[in-house]
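Okay, so here's the structure we're looking at.
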Amino acid sequence: MSAIDTARHEQIRQAFAEVMTFAPPEPENPAAWHMLQFVFGDVWQRPGLSRRDRHFVTLPCVAAADAEGPLRDHVYAALNSGDLTITEMRESVLHFAVYGGWPKASRLNMVVDEQWARIHAERGQDVPPPDPLLPLTTPNDPEDRLATGAQAFKEVNCLPYAPDRDNPFHGAGILNFVFGEMWLRPGLGMRERRLITVACVAFQDAPYPIVSHVYAAMKSRELSFSEMEEITVHFGAYYGWPKAAHLSQVVADQQRRVTEEWAAEGSAPA
């Protein structure tokens, strides 16, 4: 190995250690080495998103992929680095449950508890008690809750309307819980919820949610055009390039739509 190769090798190992908070394994074959080089030496180092942002894209991808090792490692890294608090991580699990599925979120939740205990054991500390669930910050009155959910639906999706409340899926699910409770919970910011949601709708095969959430993330200005393009690159590294190619096309289409709407509104681009 030349001096240049050796320096590059150490640079990539250091990049891995900075993201994952533990030393990288020694690659056993060319595929493993090139994965380390590309994912940690290149993708995680790109300037378009912060390391914290990238965790919020990575976590739903590894949770959905049923990859036990990467799931444990990335939960550990996000918490051990301090990039995510345990409250943010637990809120991420709930958000992922809605957009990625409750069975996979159940596994993610168990891994979070496991890795949180591991981190404290390594530090010789007791695991602190979780944040109390009650009191909820959202309305308890059913009518107020549905009205709150309808308003949140319009604000999150950047739409002038909300769905019919008398349909059980829309009323009890979308308006009552998803937008009447989950999107409004204080443990996670709107930007972070956008990152998780975009990753989830990108790996699902539902044609409307990917369009609506990519559109809303940019129309709300909570994610810029360039940030959305960078999310696509990071998503491709963790969930695969075919689905990332589709996400990229949706991003391009929705950028044109948002740009046209801003022009009609007399609003400057992000």
Within this structure, what is the CE-OH distance for the pair Met228 and Tyr215, rounded to the nearest 0.5 Å?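 Here the rounded value is 12.5 Å.
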Could you state the interatomic distance from CZ (Phe16) to CG (Asp73), rounded to the nearest 0.5 Å?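 Answer rounded to 0.5 Å: 6.5 Å.
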So do [Y] and [X] actually touch side chain to side chain, heavy atoms under 4.5 Å?
X	Y	answer
Arg165	Asn176	no
Phe40	Met20	yes
Val198	Phe235	no
Arg257	Val211	yes
Cys200	His213	no

Test side-chain hydrogen bond (donor to acceptor under 3.5 Å, both in side chains) applied to His95 and Glu192, Arg185, Arg90, Arg193, the passing residue: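 Answer to the side-chain hydrogen bond (donor to acceptor under 3.5 Å, both in side chains) test with His95 among Glu192, Arg185, Arg90, Arg193: Arg193.
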Electrostatic pair [X]-[Y], nearest N-O below 4.0 angstrom:
X	Y	result
Arg191	Asp53	yes
Glu122	Arg118	yes
Arg107	Glu68	yes
Glu227	Arg221	no

Under 3.5 Å: donor-acceptor pair, side chain of Thr148, backbone of Asp144: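 A pair under 3.5 Å: yes.
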Is it true that atom CG of Asp126 has more than 12 heavy atoms of other residues, nucleotides or ligands lying nearer than 6.0 Å?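 No, the 6.0 Å shell around CG holds no more than 12 heavy atoms from other groups.
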Val178 reachable from Leu184 in the ILVMFWY side-chain graph, under 4.5 Å edges: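 The answer is no; the residues belong to distinct hydrophobic clusters.
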Taking Val19 as the starting point, is it possible to reach Phe22 by hopping between hydrophobic residues whose side chains are less than 4.5 Å apart?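 Yes, it is one cluster - the side chains of Phe22 and Val19 are joined through contacts under 4.5 Å.
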What I want to check is whether the side chains of Gln14 and Glu10 have a donor and an acceptor closer together than 3.5 Å.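 Side-chain D/A pair, Gln14 to Glu10: absent.
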Can you confirm whether the side chains of Thr85 and Thr87 place a donor and an acceptor under 3.5 Å from each other?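 Judged by distance alone, the side chains do not pair up.
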